[in-house]
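This one's a predicted model, so the numbers in the text were calculated from it and none came from an experiment. Values reported hereafter were calculated over all heavy atoms of this structure, with side chains retained and with hydrogens, waters and symmetry mates removed. For reference, positions follow the sequence shown, starting with 1.
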Amino acid sequence: MIDKITLRRLLPQVFRGSEAEPPVCGSEVWVRDDVTFARPTSYIIEAESGTGKSSLCSFIYGARTDYDGEILFDGTPVRGYSIERWCELRREALAYLPQEMRLFAELSVMDNIMVKNRLTSYRTECEILDLLDRLELRHKADVPAGRLSVGQQQRVAIIRALCQPFDFLLVDEPVSHLDARNNSAVAALITEEAARRNASIIATSVGNKLSLNEYNLLKL
């Protein structure tokens, strides 16, 4: 379980040496002061394209370590975590929807979701079909993911991300290809799932925000 995630003077190493002309408005470093994400509050991180929103999600998820500064889970620096510890956290505490979605184009919608669910045993097939129904995708259950529109693929990837327990749900521009109606449907589903787990949502945005009713806004 993770209750708090703290970022301390965080700077992607790709920005190292550019402090004189920082990518973040007027700040010496990307996250100059301590920033803490605490359950069950939800957050939207807003920044221009190319300023490191996707990197931030990857850093928190432990997929990348090319940053200066510190990330702490409940006060403990994560740099010392073993692979086994990261695997445990990704099964039980951290869910992640990357911007590129990482669906298998040749697999059906249902099979893409079940790849994750077989690892977690978190949902029944009926529950997954109900989630597809909520996002108006049930009729696509047997269609290869590569034949879907990008917006449909985004909704499939969101359902897949919800097939596990989590304390923090990291979603990187999750509604960038969705219209207002589908944005609202996704936001309602994600909010409901987070509330059921007493969890936080950390969503990035470059313009089209996830339509959460309540959230704290962090601008980079």
Side-chain angles (χ1 to χ4, degrees), residues 2 4-7 10 12 15 22-27 29-61 63-64 67 71 93-103 131-132 134-137 148-164 166-220:
I2 303 171
K4 291 183 180 180
I5 296 174
T6 301
L7 315 180
L10 204 66
F15 295 155
V24 181
C25 303
S27 179
V29 292
W30 188 49
V31 180
R32 182 173 186 172
D33 301 312
D34 285 7
V35 172
T36 296
F37 303 108
R39 289 197 306 141
T41 306
S42 292
Y43 304 84
I44 290 181
I45 300 170
E46 189 175 61
E48 296 180 1
S49 182
T51 53
K53 299 182 303 301
S54 297
S55 298
L56 173 59
C57 291
S58 293
F59 296 155
I60 293 173
Y61 195 64
R64 290 175 51 185
Y67 60 86
I71 297 174
L94 297 172
Y96 179 33
L97 171 60
Q99 191 177 149
E100 63 272 21
M101 295 178 284
R102 300 174 186 168
L103 297 177
L131 293 179
L132 288 169
R134 283 192 60 172
L135 297 188
E136 301 180 4
L137 289 169
L148 302 184
S149 70
V150 178
Q152 289 170 332
Q153 290 178 9
Q154 241 174 359
R155 283 177 278 161
V156 171
I158 287 163
I159 292 171
R160 182 190 59 190
L162 297 175
C163 288
Q164 70 166 91
F166 58 81
D167 299 320
F168 287 86
L169 173 64
L170 310 170
V171 284
D172 190 10
E173 295 190 39
V175 294
S176 57
H177 295 278
L178 301 186
D179 58 20
R181 182 173 62 84
N182 282 308
N183 186 332
S184 294
V186 164
L189 177 59
I190 288 178
T191 300
E192 178 184 307
E193 291 290 325
R196 190 162 62 86
R197 297 163 169 81
N198 196 38
S200 286
I201 301 162
I202 301 176
T204 70
S205 169
V206 73
N208 189 20
K209 293 188 186 72
L210 181 65
S211 297
L212 301 176
N213 290 327
E214 295 183 10
Y215 60 87
N216 287 352
L217 181 65
L218 173 63
K219 290 192 175 184
L220 296 182

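Looking only at side-chain heavy atoms (C-beta outward), Phe168 and Ile202 come within less than 4.5 Å of each other. Tyr67 is not listed as a side-chain neighbour of Ser55, based on a closest heavy-atom distance of 4.5 Å or more. With a 4.5 Å cut-off on side-chain heavy atoms, Val171 and Ile158 do not count as touching. You'll find the side chain of Asn213 stays beyond 4.5 Å of the side chain of Thr191, heavy atoms only. In this structure, the side chains of Glu136 and Arg155 come closer than 4.5 Å at one or more pairs of heavy atoms. Within the 4.5 Å cutoff, the side chain of Leu7 has heavy atoms near those of the Ile60 side chain.
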- Item | Chi angles and distances behind the side-chain contact (heavy atoms from CB on, under 4.5 Å) call for Met101, Val150 | CA-CA 10 Å; Met101 295 178 284; Val150 178; 4.1 Å; yes

- Report the C-alpha separation of Asn182 and Val175 in whole Å, then their side-chain angles, then the decisive distance to 0.1 Å, and conclude whether the side-chain contact (heavy atoms from CB on, under 4.5 Å) test is met. CA-CA 8 Å; Asn182 282 308; Val175 294; over 6 Å; no

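Rounding to the nearest 0.5 angstrom, the gap separating the CG atom in Leu169 from the CG atom in Leu97 is 7.5 Å. Considering CZ of Arg134 and CD1 of Ile159, their distance stands at 9.5 Å, rounded to 0.5 Å. Distance OG1/Thr204 to CG/Leu170: 9.5 Å, rounded to 0.5 Å. Rounding to the nearest 0.5 Å gives a distance of 9.0 Å between CG of Leu162 and CZ of Arg196. The distance from the CG atom of Asp172 to the CD atom of Glu100 is 7.5 Å, given to the nearest 0.5 Å. Taking CD of Glu48 as the start and NZ of Lys53 as the end, the distance is 8.5 Å to the nearest 0.5 Å.
Listed here is the closest heavy atom pair of Ser200 and Pro40: OG-C, 3.3 Å. Ala161 and Ala95 get closest at one heavy-atom pair: O-CB, 3.7 Å. Nearest approach of Leu10 to Phe59, heavy atoms of both residues: CD2-CD1, 4.3 Å.
For Gln154 (side chain) and Glu173 (main-chain N/O), a donor-acceptor pair under 3.5 Å exists by modelled atom type. Judged purely by atom type and a 3.5 angstrom limit, Glu214 has no side-chain atom pairing as donor or acceptor with the backbone of Thr41. In this structure, Asn183 contributes its side chain and Leu178 its backbone to no donor-acceptor pair below 3.5 Å. Judged by distance alone, the side chain of Ser211 and the main-chain N or O of Ser184 form no donor-acceptor pair under 3.5 Å. Panel note: side chain Arg39, backbone Ile2; a donor-acceptor pair is recorded below 3.5 Å.
One side chain, Thr36 or Thr6, offers a donor N or O that lies under 3.5 Å from an acceptor on the other.
Screening residues 35-57 for ring-ring contact (aromatic ring centres under 6.0 Å, His included), with sequence neighbours left out, gives Phe37-Tyr43.
A salt bridge links Arg197 to Glu193: one of the charged nitrogens lies within less than 4.0 Å of a carboxylate oxygen.
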